[in-house]
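First the structure, in the form of structure tokens, and then the observations on it.
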Amino acid sequence: MNFKDMDVVSIRDFSRAQIEEILERSRAMLPYANGEKVTRALEGKILGNLFFEPSTRTRLSFESAANRLGAKVIDVSQTSTTSIIKGETLADTIRMVEAYSDVIVLRHPHEGAARLAAHFSRKPVINAGDGAGSHPTQTLLDLFTIQEELGAIEGMNVIILGDLKYGRTAHSLAEALTVFGAELTFVAPETLQMPKDTVEQVRRLGGNPRITDDIEGEISSADVLYITRIQQERFPDPAEYQKVAGAYRVDKAMLREAKKELIVMHPLPRIDEISPEVDETHHAKYFKQAFNGIPVRMALLTSVLGVDI
Ligand code: CP
């Protein structure tokens with residue numbers, strides 16, 4: 001399968017077969033991602049890592065992935081240090097980074113920014129999160145984590161809990177899980193439920209999601225509990241945020257009724273939606289999930305650059 005020069009803007013850009021291929025390549029990257037083996041497959045290549053919105057995991061794991069592959073990284077982590085502050089457009093900024101690098105990773109506060117960047121760059125662009133839009137590399141590492149931990153995605157009963165309105169990881173994940181034949185339950189306070197267009201897309205893809213605000217009634221049948229943070233920064237009105245802040249919190253007592261095999265995932269950062277006491281349970285997989293960003297992003301970088309390991 002050839003991914004050379006492909007832009008990764010949305011999970012919808014991939015067929016199921018392509019996702020399966022990327023997950024397979026990610027698995028092959030594991031010994032390189034954890035340092036057991038060494039490769040210089042991307043020696044001589046440069047990654048342009050543009051982060052116009054805060055990030056810990058995505059920025060550092062792309063940087064780590066590039067380093068593990070022998071590539072160099074040029075990066076921006078604040079708009080204030082670029083000429084955007086003087087009025088330069090995103091299109092011109094992308095044209096410059098395209099000239100200075102071989103592949104561009106972009107996080108931006110505005111939905112659609114990655115699509116625009118892909119339009120202006122002849123080099124591959126990877127969307128690292130665009131506003132409340134999508135975060136396709138997070139979705140790939142989420143799928144990878146479920147497959148690694150449970151052995152399969154098809155038929156798994158997945159609860160997606162939290163801020164499903166603004167949580168961009170929830171939107172792409174719900175669609176991808178449906179393509180892979182998982183059963184979905186969306187649990188959120190009414191005002192933060194999954195947007196209608198995502199629910200409709202899930203139904204078009206053949207899914208039949210359950211929609212509820214009651215987590216307690218759902219836990220015992222779940223294979224995956226995927227929790228998201230309330231995205232305070234995306235609320236237009238702070239008073240609206242105050243109405244839902246602290247609306248849900250998963251703790252050990254809540255997991256008492258869970259299946260032994262249940263895995264708890266979270267794209268992180270977490271605020272108070274998972275009690276720290278859950279970290280010590282065998283259910284907690286969110287830190288391993290964050291590590292999985294490295295092999296998955298290694299697989300993506302080599303794939304879009306057309307380099308075999
Ligand atoms: N999961 C995720 O995107 O985390 P960061 O915002 O820290 O990159």
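No hydrogens, no waters, no symmetry mates; every other heavy atom, side chains included, goes into these values. Atoms within a ligand are numbered from 1 in the order they appear, just like the ligands themselves. Because the structure is a prediction, the values reported are computed rather than measured.
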Search all heavy atoms of Val278 against all heavy atoms of Ala284 and return the closest pair with its distance.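 Looking at all heavy atoms of both residues, the closest pair is O-CB, 3.4 Å.
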With a cutoff of 4.0 Å, is His135 in contact with ligand 1, counting heavy atoms of the residue only?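 His135 counts as a contact of ligand 1 under the 4.0 Å cut-off.
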Counting neighbours of CD on Glu88 that are heavy atoms of other residues, nucleotides or ligands and sit closer than 6.0 Å, is the number greater than 12?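 Yes, CD of Glu88 has more than 12 neighbouring heavy atoms, counting only those of other groups under 6.0 Å.
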Taking atom NZ of Lys259 as the centre, report whether more than 12 heavy atoms of other residues, nucleotides or ligands fall under 6.0 Å from it.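 Buried by this count: over 12 neighbours within 6.0 Å.
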If the cut-off is 4.0 Å to any non-hydrogen atom of Gln138, which atoms of ligand 1 fall inside it?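 Checking each atom against Gln138, I get 1 (N), 2 (C), 3 (O).
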Below 4.0 angstrom from a heavy atom of Leu268, which ligand 1 atoms are there? Numbered from 1 as shown, please.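 So the answer, numbered in order with elements, is 1 (N), 2 (C), 4 (O).
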Specify the protein heavy atom at minimum distance from [atom]: its residue, its atom name, and the distance to 0.1 Å.
atom: atom 1 (N) of ligand 1; result: Pro267 O, 2.8 Å
atom: atom 6 (O) of ligand 1; result: Arg107 NH1, 2.8 Å
atom: atom 7 (O) of ligand 1; result: Thr56 N, 2.8 Å
atom: atom 4 (O) of ligand 1; result: Arg57 NE, 3.1 Å

Taking the inter-plane angle between the rings of His266 and Tyr286 on a 0 to 90° scale, is it parallel (under 30°), tilted (30 to 60°) or perpendicular (over 60°)?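 Perpendicular, since the angle between the ring planes exceeds 60°.
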Give the ring-plane orientation class for Phe235 versus Tyr166, where under 30° counts as parallel, over 60° as perpendicular and anything between as tilted.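 Tilted: the ring planes of Phe235 and Tyr166 meet at 30° to 60°.
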First locate atom CG of Asp223, then atom CD of Glu183, and finally report the distance between them rounded to the nearest 0.5 Å.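 The CD atom of Glu183 is 10.0 Å from CG of Asp223, to the nearest 0.5 Å.
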Could an N or O of ligand 1 be found under 3.5 Å from any N or O of Arg59, whether backbone or side chain?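 No, since none of the N or O atoms of Arg59 sits under 3.5 Å from an N or O of ligand 1.
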Could you list all the salt bridge (charged side-chain N to carboxylate O under 4.0 Å, His left out) pairs where at least one residue sits in residues 194-210, not counting sequence neighbours?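 Matches after skipping sequence neighbours: Arg210-Glu218.
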Using a 4.0 Å heavy-atom cut-off, which part of Thr169 comes near ligand 1: side chain, backbone, both, or neither?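 Contact part for Thr169 vs ligand 1: neither.
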